[in-house]
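To start, the structure under review is shown below, and the notes come after it.
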Amino acid sequence: MKKTSKAAEARLGYLLIAPSLALIAAVIVYPLFYNIWLSFNHVSLNPRKPSKFIGFGNYKSLILDGSFWHSIAVTLIYAIITVVGATVIGLYAALLLNQKMKGRRLYRSVILLPYVAPVISLVFIWKYMFNPAYGIVNDVLVDQLHLLSHRIDWLDSASGSLWLVIIFDIWHLFPFTFMMILAKMQSIDESMYEAASIDGATPWRKLWHITLPEIKFVVASLVVLRFIWNFYKFDEIYLLSKQVPVVGVYTYMTAFSTYNYGLASAITVSLFVLVMALVLVIVRKVIKW
Amino acid sequence: MVTTNGFAKRLILYVLVALTLFTAIFPFLMMLSTALKPSAETISLNPTFFPRHITWENFRDVLNPDVFPFWRYFLNSFQISFATALISVVVGTMGAYSFARLDYKGRGVFQKGVLFIYMFSGVLLIVPLYKMVTAAGLYDTKVSLVIVYIVLTMPVTLYMLGNYFRTIPESLEEAALIDGLNRFQVIYKIIVPLSLPAIASVFIYVFMIAWNDYLFASIFITSEDKMTLPIGLSHLFQTKNFVWGRMMAASLLTAVPIVILFSLVEKYFSGGLTEGGVKG
């Protein structure tokens, strides 16, 4: 009796997970392998024309292509600065709004706005604020506060727009870090702080010896996941400026502006391998699999 | 002395909070003020925060189908996001229950696989998915977007719901099984009603992802009448109908439904749903 019910349970288990797995197989697993195949081909623009097998041709041109390496470098700069920025500010905001004060709940929701609002809405107001001629940012920084000696072309110069997308991303995503860290902070047992207070611990010591060790794991996971997600960031960067060739944008342009699908596949396969290595080495240590 | 010191500390705290909040919402305030400015004022070389003259013209223009098909884009975005969220929740509830409660060989591998996809990005698969969608005759259809969004949000759906289901006491289910309900009935008579807040959160989260996507919508959709808001807006940005005030009015109107939906479930988001988490 017990045995059959266990078998029935397993059958139901497979049955219930089957639709999810089928969808993942069709939209993730199959395309992954198809992508590898495409990367060895010169893929024709016309969907009815067959692709031509060219072996490692795409990879060869990729390695020899300076703009590919440039995009990797830009991506690393972008990903590292944004991850550090969003983590530090998110942690700061979580510590701040974990203090007892009036209206705390409202403040916590308000802080989430940059993360919640659609990227498309945010992108246009940022473009407007950072407009070199009539934007408020240059006006305040240069003409009113004299912090900068000259106006910066935030939208259309290589360094200006890299800073623009970095500041935007930190602003857009620190609320996510804030939300995750705060949730963890709220689950810390209050009695630990009370015991520390009795022992005469200062707020700094409480932060250092109780709060930080408790949230260590969440912060580490956030850093790793955010790095991977930002490494592949596409939409907000592409929409803000065409001058920041991170790998996401570089791949998109290769595929849909120059229509070199085979080369684009080779790029994504290479990046996939890179991130796989990262996942296996680092993620396994941080996120206990 | 102690009270003055306490007062100073409170003051610093509130100043810091005010600064942080200001940083978070300043662009939104700017969006509103620009949407209310007449055209000439938006490109003034001495930008001001407050509008000198307030006008509703930009909102009227954006909602006027002769100027900009805002409602059509809105409807498309709504249809796609709603269908995605609905299917995602139904498929995800089944899968999450399977992960949370049923024991079978391979479950651990499946779970790790799903976690792995969580780290994935759409950019990695744009070329093969584009080729597949074209080959399947789904190019320039809303269905293609719904399918892709469901799968991209699947890990979050499965993890958020699975973690929630595990918090429901198993004894409840055992009692129901003894009373003669089968597992399916347990799911929709006990688990689903008890998990409604979590299911609503997941629904809205998936809705958000679908509503916000630019990447796939820009590749899969070409005809004007099927475009979603992000694509429609970026097109408006490149046309002769482009006016900053209109852009801002349209941006606000695009953000409002999402912000309202999110505020309804916000407490569940930052509350017990940390593990498995959401993606940004």
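Each chain gets a letter, A, B and so on, in the order its sequence line appears, and its residues count up from 1.
- Checked against a 6.0 Å centroid threshold, the rings of B:Tyr104 and A:Tyr14 count as neighbours.
- Contact annotation: the side chain of A:Phe231 never approaches that of B:Val123 to less than 4.5 Å [non-hydrogen atoms, C-beta and beyond].
- We find that B:Arg101 and A:Glu9 are not joined by a salt bridge, their nearest charged nitrogen and carboxylate oxygen being 4.0 Å or further apart.
- Residue A:Asp139 touches chain B through its side chain alone, counting heavy-atom pairs closer than 4.5 Å.
- Taking the six-membered ring where the residue is Trp, the centroids of B:Tyr97 and B:Tyr188 are separated by 6.0 Å or more.
- Only the side chain of A:Leu239 has a heavy atom closer than 4.5 Å to any heavy atom of chain B.
- Partner B:Trp211 forms a ring pair (Phe, Tyr, Trp, His ring centres under 6.0 Å) with one of B:Phe74, B:Tyr149, B:Phe262 and no other, that one being B:Phe74.
- Heavy-atom distances place the side chain of A:Leu38, and not its backbone, under 4.5 Å from chain B.
- If you measure heavy-atom distances from A:Ala26 to chain B, the contacts under 4.5 Å come from the backbone alone.
- The greatest number of non-hydrogen atom pairs below 4.5 Å with chain B, out of A:Ile28, A:Asn138, A:Val119, is found for A:Ile28.
- Residue contact with chain B, scored on non-hydrogen atoms closer than 4.5 Å, is absent for A:Phe33.
- Of the two parts of A:Tyr238, only the side chain, counted from C-beta on, holds a non-hydrogen atom closer than 4.5 Å to a non-hydrogen atom of chain B.
- In this structure, the ring of A:Phe178 has its center no less than 6.0 angstrom from the ring center of A:Tyr115.
- Residues of residues 231-238 of chain B placed with any heavy atom under 4.5 Å of a heavy atom in chain A are listed by number as B:Leu233, B:Ser234, B:Phe237.
- Using a 4.5 Å cut-off between heavy atoms, A:Trp37 makes no contact with chain B at all.
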Check: residues 90-100 of chain A side-chain donor-acceptor pairs under 3.5 Å, at least two apart:
unit_1  : atom_1 : unit_2  : atom_2 : d
A:Gln99 : NE2    : A:Leu95 : O      : 3.2

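- Ring to ring, A:Phe130 and A:Phe168 are not that close: their centroids are 6.0 angstrom or more apart.
- Here the closest non-hydrogen pair linking B:Ile126 and A:Tyr252 is CD1-CA, 4.1 Å.
- Ranked by heavy-atom pairs under 4.5 Å with chain A, the first of B:Met132, B:Arg10, B:Lys105 is B:Met132.
- Inspection of the A:Ser265 and A:Asn58 side chains reveals no N or O donor paired with an N or O acceptor under 3.5 Å.
- When the candidates A:Asn131, A:Leu15, A:Leu122, A:Leu32 are compared by the number of heavy-atom contacts under 4.5 Å with chain B, A:Leu32 comes out ahead.
- In this structure, chain B has heavy atoms under 4.5 Å from both the backbone and the side chain of A:Met101.
- Using a 4.5 Å cut-off between heavy atoms, A:Leu21 touches chain B through its side chain atoms alone.
- The part of A:Val43 that comes within reach of chain B is its side chain, from C-beta onward, which places non-hydrogen atoms under 4.5 angstrom from that chain.
- For chain B, the nearby part of A:Phe256 is the side chain; its heavy atoms alone come within less than 4.5 Å.
- Here salt bridge (charged side-chain N to carboxylate O under 4.0 Å, His left out) pairs that include residues 244-259 of chain B, with residues two or more places apart or in two chains, are B:Asp61-B:Arg246.
- Taking the salt bridge (Lys or Arg N to Asp or Glu O under 4.0 Å) definition, one finds that A:Arg105 meets it with nothing, sequence neighbours left out.
- Counting non-hydrogen atoms of neighbouring residues, nucleotides and ligands closer than 6.0 angstrom, the OH atom of B:Tyr14 exceeds 12 such neighbours.
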